[in-house]
Amino acid sequence: MVTRKPSDLRYSQVTPKQVYLNRRRFLAGSIALGALAGASSALATTKLNGVKKSPFSTDEQATPFDAITHYNNFYEFGTDKEDPGRNAGKFVTSPWSVKVDGEVAKPLTLDLDAIFKLAPLEERIYRHRCVEAWSMVIPWIGFPLNALLKKVEPTSKAKYVAFESYFDRKQMPQGVWAGIPFPYVEGLRLDEAMNPLALLAVGLYGETLPNQNGAPFRLVVPWKYGFKSIKSIARIRLVEKQPPTTWNLSAPQEYGFYSNVNPEVDHPRWSQAKERRIGEFAKRLTVKFNGYGSEVASLYSGMDLRKNY
Ligand SMILES: Nc1nc2c(c(=O)[nH]1)N[C@H]1C(S)=C(S)[C@@H](COP(=O)(O)O)O[C@H]1N2
Ligand SMILES: [Mo]
């Protein structure tokens with residue numbers, strides 16, 4: 001199912017393509033497809049050019065494309081892992097507009113073209129650890145969130161960044177049954193948001209984001225549980241006070257604002273000590289800050305991470 005005509009795509013680093021089958025052949029040849037690999041319908045994605053490799057990438061084996069795109073949490077499109085892949089195909093992500101305002105000197109409204117041109121695109125192969133105790137390795141394409149934040153010039157009052165996902169109950173009818181409020185909202189402390197690891201992703205595996213992964217652009221915060229990585233962002237606000245976050249609103253005793261990956265602090269209903277890497281059988285030990293401690297641990301020095309879970 002093709003949801004975007006190549007003629008709709010004018011952003012500079014994108015070239016229209018019908019090489020989906022070539023990509024599928026490439027993947028089948030280079031990666032042993034895991035048990036989750038299924039027949040995937042054609043995705044309306046577009047190849048991204050001029051992407052440079054990042055030193056922040058892990059050299060761990062990337063999770064197969066089919067698992068990354070058919071084992072998703074995107075509750076607006078349903079709560080089963082296969083629902084987003086099934087239901088998000090017709091989600092309209094072009095044209096798109098995102099407002100960046102609040103405590104900033106230079107508020108901005110970005111269209112798709114401006115988003116893709118904001119900063120040089122990098123491939124960042126990151127570990128992803130979901131709070132549900134599974135993990136993946138995902139070859140994202142994007143640019144540091146701090147490139148956008150520097151553009152809008154946060155004022156001295158700006159202490160947090162608040163994010164809001166797009167929500168349209170007509171396009172996301174399955175959201176009614178999700179049991180969480182929409183639009184989905186998330187937040188970071190400004191210094192967390194400025195950390196070079198925090199990424200705004202516009203693609204994965206060399207192409208624009210499939211809708212189920214948060215097209216046209218989403219946050220990726222690799223040292224935090226996956227729910228912090230908010231999808232299909234429509235609004236970004238720099239604010240003075242800690243903003244509300246969807247999972248904390250829904251179950252505050254289970255999900256805090258920080259949500260750093262931490263094997264020492266269990267979820268009240270299950271252990272966080274281990275994780276299942278999608279495609280693997282034996283469980284792995286979960287690493288504090290998802291293995292990114294040398295880059296981010298200093299953000300939390302002096303904080304009690306049991307209280308600030
Ligand atoms: N808008 C929105 N963003 C979201 C979610 C969601 O339900 N809605 N789920 C979160 C969770 S729990 C995870 S694990 C990741 C999953 O991202 P992926 O499907 O690209 O792996 O998205 C996060 N971002
Ligand atoms: Mo998650």
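Just so you know, ligand 1 is whichever comes first in the structure, and atom 1 is the first atom listed for that ligand.
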Is there a donor-acceptor pair closer than 3.5 Å between any side-chain N or O of [X] and the backbone N or O of [Y]?
X	Y	answer
Arg124	Thr58	no
Glu192	Arg189	yes
Thr245	Phe257	no

Nearest heavy atom to atom 1 (N) of ligand 1 wins, so pick from Ala201, Gly78, Ser165.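 Of the listed residues, Ser165 has the closest heavy atom.
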Of Trp247, Tyr255, Tyr184, Trp140, the residue with the heavy atom nearest atom 2 (C) of ligand 1 is Tyr184
Counting both backbone and side chain atoms, is some N or O of Trp134 under 3.5 Å from an N or O of ligand 1? no
Please confirm whether His128 comes within less than 3.5 Å of ligand 1 when only nitrogen or oxygen atoms on both sides are compared. no
Between Glu123 and Lys53 (salt bridge meaning N to carboxylate O under 4.0 Å), is one present in this structure?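 Yes, charged N to carboxylate O under 4.0 Å.
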Could you tell me whether Lys159 and Asp191 have a side-chain N and a carboxylate O separated by less than 4.0 Å? no
Nearest neighbour in protein (non-hydrogen) for [atom]:
atom	answer
atom 24 (N) of ligand 1	Ser229 O, 2.9 Å
atom 9 (N) of ligand 1	Asn73 O, 3.2 Å
atom 7 (O) of ligand 1	Tyr75 N, 2.8 Å
atom 15 (C) of ligand 1	Gly226 O, 3.6 Å
atom 19 (O) of ligand 1	Lys231 NZ, 2.7 Å

Per-atom contacts of ligand 1 with Asn72, taking only distances under 4.0 Å to non-hydrogen atoms: 18 (P), 19 (O)
By number and element, which atoms of ligand 1 are closer than 4.0 Å to a non-hydrogen atom of Cys130?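 Under 4.0 Å from Cys130, ligand 1 has these atoms: 14 (S).
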Using a heavy-atom cut-off of under 4.0 Å, does the side chain or the backbone of [X] touch ligand 1, or both, or neither?
X	result
Glu132	neither
Lys228	neither
Glu76	side chain

With the 4.5 Å side-chain cut-off for hydrophobic clustering, are Val220 and Trp134 part of the same group?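 Yes.
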Applying a strict 4.0 Å limit to heavy atoms, is Arg218 in contact with ligand 1? yes
Looking at [X] versus [Y], is the centre-to-centre ring distance below 6.0 Å?
X	Y	value
Tyr292	Phe289	no
Tyr75	Phe182	no
Tyr255	His267	yes

Just wondering, do Phe227 and Glu186 contact through their side chains at under 4.5 Å, heavy atoms?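 Yes, their side chains come closer than 4.5 Å.
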